[in-house]
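The structure under discussion appears below in the form of structure tokens.
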Amino acid sequence: MAEDTEECEVRGQWWLPSNKGSKVHGTLKNSGASGAELHLIGSLDAPLGLDGIYSRIHGLADGKRFTLEDCFRSFLRNGASEKVRVQQIYRGAWYADDKEPDCDQVTSRPRYLTQWIGNRGVRSDYIPPSERGDGKNGKPFAILRATIRPEISTTLTSGISVNIRHGMTEKTHTGTEQTIMEWRAINLTFPRKVSNSDALAHMGDAQDLVSIATGRTAEYDSVYFFHPDVVLNVGGSEYRDRIDFYADWMARDTSKKPGLIHPHQMLFTFDDLGGIKGLADWMEAAERHRSTLGRVMASKYRDGLFMEDRIFHRVAAIEAFARDRVGYKNVKLPGALKHCRELAGNEFVDLVGDVEKWSQVIKSNRDDIGHHYGRRPDQGGAQKYVLAESAYWLFILCMLREAKAPQTVFERIKNHSAWAWLAPKVQAVVQAG
């Protein structure tokens, strides 16, 4: 398994934590977006009768410890061979059978994070021909400068340390070219050990922000944990060793040119948000509203979701968000929409035009979808799409207000080409009723 990539194929021995004496040879294959599968010569549960449901599998392959989570059999041939689907892979540690995986640090590299933060460390200075002369004097064609930027850090009120790190990798070349790739990573250090799922929930708050700000899906290019008991002993000294994590992520980057984005394509930048303080304020707000934020972003990340489902989930999240802020569980949808419209501000008015009529149209659509009235058979997918997008932006504007985002962020969003395209279409659907 190559570093910082989901693609892998490793051969080793595999066993159940409760049956360490029965080890089976096999190959773990992970093809990224299509998932991971363990191909075994033999069967793990032949003596146990577990019906092919394995909550956890241990392995040793390429000299590394593996823990495979949430596994189930997909094929069995007379106990001679077995295929097991794997939902999560930990490389570098064995977790006990009765213990939830935990850590005290998690690091990730969300795609587009480097571009979103800016302040690049790689610079190429081209030397014009007039300064190079005839090439016989040995003057350079270009000068490449690669500088590691200082770490950017802050601490949340919960005691979680947030660190943005900068690094570079010299990629393999053919002998006629040289490539230096720079990257940014987010590291979260917790004041005490937490479950890996909790650590990922905090990291997901940052991933969602990068996705919102760039208008792309900030798919994880790598995720790894640190645990105080997982160390390397080198020359008598102990060093923390990372535990690589691979999963069947919902947030997948399906853009035509993954990883490529230019500043003008982003809705707002790291500096627009106020730098590391803005990130901290967002993470504080996101923790308070994680369930509703997660519902909205899931409707954005998930491919193949019907437009009706996008509307329904986003409107439900807006309603729940308003109830959380007001502190009164009986807030109805009209009141929730009014509360959120007022919080979102004039930028939302610029997007939808008549906010009262927009609220009526959204409520009508929500009721039609939720209660299966079938009163809008003439409303096509395009109309539903722009309504769903307007609901998405109402929620995002509210979240940014909740996170005390600077006005610069709202100005950038309002002036973005995506809004220039969306606004007249939303307003036309609203006026049509």
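- Taking the side chain as every heavy atom from C-beta outward, Phe312 and Asp368 never approach each other to under 4.5 Å.
- Summarising the geometry of Arg109 relative to Met181, their closest heavy-atom pair is NH2-CE, 3.6 Å, with the distance given to 0.1 Å.
- His58 has its side chain out of reach of Lys20: every pair of non-hydrogen atoms, C-beta onward, lies at least 4.5 Å apart.
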- prompt: Between Glu284 and Arg288, is a salt bridge (charged side-chain N to carboxylate O under 4.0 Å, His left out) present by the stated rule, with each step listed?
  reply: CA-CA 7 Å; Glu284 302 272 12; Arg288 294 194 298 271; 5.3 Å; no
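- Counting heavy atoms of neighbouring residues, nucleotides and ligands inside a 6.0 Å radius, atom NZ of Lys404 does not exceed 12 of them.
- Side-chain rings of Phe348 and Trp393 stay apart, their centers remaining 6.0 Å or farther from each other.
- Counting heavy atoms from C-beta on, the side chains of Glu37 and Val84 never come closer than 4.5 Å.
- Nearest approach of Ser108 to Met203, heavy atoms of both residues: OG-SD, 3.1 Å.
- Other residues, nucleotides and ligands contribute over 12 non-hydrogen atoms within 6.0 Å of the CG atom of Asp229.
- Geometrically, Arg85 does not engage Phe72 in a cation-pi contact, judged by NZ or CZ lying under 6.0 Å from the ring centre and within 45° of the ring axis.
- Residues Gln265 and Ser417 form no side-chain contact, since every pair of their non-hydrogen atoms from C-beta on lies 4.5 Å or further apart.
- A cation-pi contact links Arg401 to Phe410, judged by a cut-off of 6.0 Å to the six-membered ring centre and 45° from its axis.
- Sparse packing is recorded around CZ of Arg11, with 12 or fewer heavy atoms of other residues, nucleotides or ligands lying under 6.0 Å away.
- Considering Lys384, Arg314, Arg310, Lys425 as possible partners of Glu389, the one that fulfils the salt bridge (charged side-chain N to carboxylate O under 4.0 Å, His left out) test is Arg314.
- Between Tyr90 and Phe66, the ring centre distance reaches or exceeds 6.0 Å.
- Between Phe270 and Ile152, some side-chain heavy-atom pair lies under the 4.5 Å cut-off.
- Side-chain contact between Asn196 and Val106 is absent, with no heavy atoms from C-beta onward closer than 4.5 Å.
- For the pair Lys23 and Trp15, the distance from NZ or CZ to the six-membered ring centre is under 6.0 Å and the angle to the ring normal is within 45 degrees.
- If you take CZ on Arg73 and OH on Tyr54, they are separated by 4.5 Å, rounding to the nearest 0.5 Å.
- In this structure the side chain of Leu351 never reaches within 4.5 angstrom of the side chain of Trp358, judged on heavy atoms.
- Other residues, nucleotides and ligands contribute over 12 non-hydrogen atoms within 6.0 Å of the CZ atom of Phe75.
- For the pair Tyr246 and Arg91, the minimum side-chain heavy-atom distance is below 4.5 Å.
- To the nearest 0.5 Å, the span separating CD on Glu319 from OG1 on Thr292 amounts to 12.0 Å.
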